[in-house]
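Given the structure is predicted, the values throughout are model-derived calculations rather than measurements. Keep in mind that the numbers below use all heavy atoms, side chains included, and drop hydrogens, waters and symmetry copies.
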Amino acid sequence: MAGRFLTRCMNRTLLDFASGTNSTTTRGTHRYLWAMFRRTAPTLISRRAVFLLGIPAISCLGYETYRKAQSSAVVCALGKEEVLEQADYLYSCAETEKLYQLLIQYKDSHDAEFLWRLARASRSLAVLPTTEAERKKQLTFEAFEYAKEALEKNDKCSAAHKWYAICLSDTGDFQGVKVKIGNSYIIREHLERAIELDPKDATSLHILGFWCFAFAELPWYQHKVAAVLFKSPPQSTYEEALDFFLKAEEIDPNFYSKNLLMLGKTYMAMKDKQKALLWLTKAKEYPAHTLEDKEVHKEAVDLLKKLG
């Protein structure tokens, strides 16, 4: 599997929520949130505002237990398609460490299909709550380099564009406010390119919808703060965000609890109580398989109480 941007502390939810786009890829969910101004301009930041994307961190939909990872010798003996299939299965089962160890063997492969998956695996490892701060930073930049290389090897790969956007967002957390804002333009460009290359990728649509929602929710005075750094800070509308969330749902109904929640929140922001109730109820009733699903359930319940 959306979150709050221009808050003092980034609520990391969705990110790792972007799954791959080819036929061997298993759907994933993401947590998606990018924080801005985490350590700067604290007096200007609203606790409820969302700003500069922290892409949802991915949580996976698979729940069965994966058999013990094969030995390196056996893995190396597999063909490309078998390795990719195994990698996608490990990802779907949230076997993050095994996935990373499998794919790191192919870091010099110069194959975009291996590299964007390695970027995804590195990021998934980075966002684990058990990962220490220094290791997290190392993995974050490592993931970006793999995504960058994947894009260089094949700029027509939708997943490479998507993971480049996600990993670029992550690096901004370590580079300061101006870089974070500047990256947001590039992030949107690559998400749009990912969707252009694969219009049926619901996760890219969801992430872009979240991007739009974040900037639509940004109060006018925080736009002015951003305008100090950029003449024309990123802007969007709830209507634009809604369009992406609805397209994602149309392509893959019920694929992600966070998308249901964001539909409800967007309709709330647009003062459409009836539709907000509909989507928030769906989010509340979504089977809570993951920790993120449980968080979505709780937020949906709280918002439904506010709507009466």
Side-chain angles (χ1 to χ4, degrees), residues 1-3 5 12 14-22 25 27-36 50-58 111-124 126-127 140-175 178-216 230 232-236 240-241 243-245 247-248 251 259:
M1 3 175 94
F5 289 162
R12 306 248 322 153
L14 271 173
L15 247 342
D16 253 322
F17 166 76
S19 61
T21 59
N22 74 359
T25 304
R27 288 182 314 202
T29 62
H30 312 132
R31 302 175 196 255
Y32 284 122
L33 248 0
W34 314 333
M36 226 189 87
V50 265
F51 199 32
L52 193 64
L53 307 185
I55 284 190
I58 298 177
D111 187 317
E113 292 300 317
F114 284 118
L115 290 166
W116 74 254
R117 284 175 172 82
L118 183 52
R120 181 178 68 176
S122 300
R123 185 188 189 275
S124 296
V127 301
T140 296
F141 284 93
E142 180 181 305
F144 175 69
E145 289 302 319
Y146 293 137
K148 180 180 178 182
E149 187 177 353
L151 204 53
E152 290 171 351
K153 299 304 179 186
N154 184 2
D155 66 356
K156 291 182 172 55
C157 175
S158 174
H161 282 279
K162 176 168 58 180
W163 283 97
Y164 182 90
I166 292 169
C167 295
L168 177 61
S169 171
D170 291 342
T171 63
D173 295 337
F174 301 95
Q175 295 176 311
K178 187 171 183 178
V179 172
K180 189 75 170 172
I181 298 175
N183 285 350
S184 67
Y185 298 94
I186 303 170
I187 289 164
R188 173 155 190 165
E189 289 175 5
H190 283 280
L191 289 173
E192 289 176 338
R193 180 59 174 153
I195 293 168
E196 180 184 349
L197 290 166
D198 184 4
K200 298 299 184 182
D201 181 12
T203 63
S204 288
L205 287 162
H206 170 84
I207 296 173
L208 188 49
F210 192 77
W211 190 103
C212 294
F213 183 91
F215 287 106
F230 293 89
S232 179
Q235 297 185 38
S236 189
E240 188 177 22
D243 185 50
F244 287 119
F245 292 140
K247 283 180 180 177
I251 288 170
N259 200 63

Fill in: Distance (rounded to the nearest 0.5 Å) between E149 CD and L115 CG
4.5 Å

Fill in: For the student: nearest non-hydrogen atoms of F244 and L205, plus distance
CB-O, 3.4 Å

Discussion item. Using a 3.5 Å distance criterion without hydrogens, assess whether the side chain of H161 forms a donor-acceptor pair with backbone atoms of L151.
Written reply: no

Discussion item. Under the criterion side-chain contact (heavy atoms from CB on, under 4.5 Å), I'd like the reasoning laid out for E240 against F215: C-alpha separation, chi angles, the key distance, then a yes or no.
Written reply: CA-CA 11 Å; E240 188 177 22; F215 287 106; over 6 Å; no

Worksheet item: Any ion pair linking E113 and R120 (charged N to carboxylate O, less than 4.0 Å)?
Response: no

Discussion item. Check whether S204 reaches the backbone of D201 with its side chain - one donor and one acceptor, N or O, closer than 3.5 Å.
Written reply: no

Response to the item:
Distance col, row T203:OG1 vs D198:CG, nearest 0.5 angstrom, shows 8.5 Å

Practice prompt. Verify the ring-centre separation between H206 and F245: is it less than 6.0 angstrom?
Written response: yes

Worksheet item: Step by step, would you call N183 with T171 a side-chain contact (heavy atoms from CB on, under 4.5 Å)?
Response: CA-CA 9 Å; N183 285 350; T171 63; 4.2 Å; yes

Fill in: L191 side, atom CG; I166 side, atom CD1 - distance, nearest 0.5 Å
7.0 Å

Discussion item. In the structure I gave you, are the side-chain heavy atoms of K200 and K247 within less than 4.5 Å of one another anywhere?
Written reply: no

Item to complete: State, to 0.1 Å, how close I251 and P199 come at their nearest heavy-atom pair, and which atoms those are.
Response: CD1-O, 3.0 Å

Worksheet entry | Rounded distance (nearest 0.5 Å) linking atom CD of E196 with atom CD of E189 | 12.0 Å

Worksheet item: Would Y164 and H190 satisfy side-chain contact (heavy atoms from CB on, under 4.5 Å), going step by step from the backbone distance to the final call?
Response: CA-CA 7 Å; Y164 182 90; H190 283 280; 3.4 Å; yes

Worksheet entry | salt bridge (Lys or Arg N to Asp or Glu O under 4.0 Å) assessment of K162 paired with E192 | CA-CA 9 Å; K162 176 168 58 180; E192 289 176 338; over 6 Å; no

Item to complete: Could you pull out the closest heavy-atom pair between P234 and S184, with the gap in Å?
Response: CG-OG, 3.0 Å

Discussion item. Determine whether a donor-acceptor pair (N or O, by modelled atom type, separation under 3.5 Å) exists between the side chain of S122 and the backbone of L118.
Written reply: yes

Discussion item. side-chain contact (heavy atoms from CB on, under 4.5 Å), that's the test. Do T140 and R123 meet it? Break it down for me.
Written reply: CA-CA 6 Å; T140 296; R123 185 188 189 275; over 6 Å; no

Practice prompt. Please report the closest heavy-atom contact between A202 and A248, naming both atoms and the distance.
Written response: O-CB, 3.5 Å

Practice prompt. Any chance you could measure W163, atom CH2, to D170, atom CG, to the nearest 0.5 Å?
Written response: 8.5 Å

Discussion item. Within the supplied structure, the quantity of interest is the number of heavy atoms (other residues, nucleotides, ligands) at a distance under 6.0 Å from K153 NZ; does it exceed 12?
Written reply: yes

Worksheet item: What's the shortest heavy-atom distance between D173 and K180, and which atoms?
Response: OD1-NZ, 2.8 Å

Worksheet item: When you measure from the side chain of K148 to the backbone N and O of L168, does any donor-acceptor pair fall under 3.5 Å?
Response: no

Fill in: From OG (S169) to CD1 (I186), nearest 0.5 Å
11.5 Å

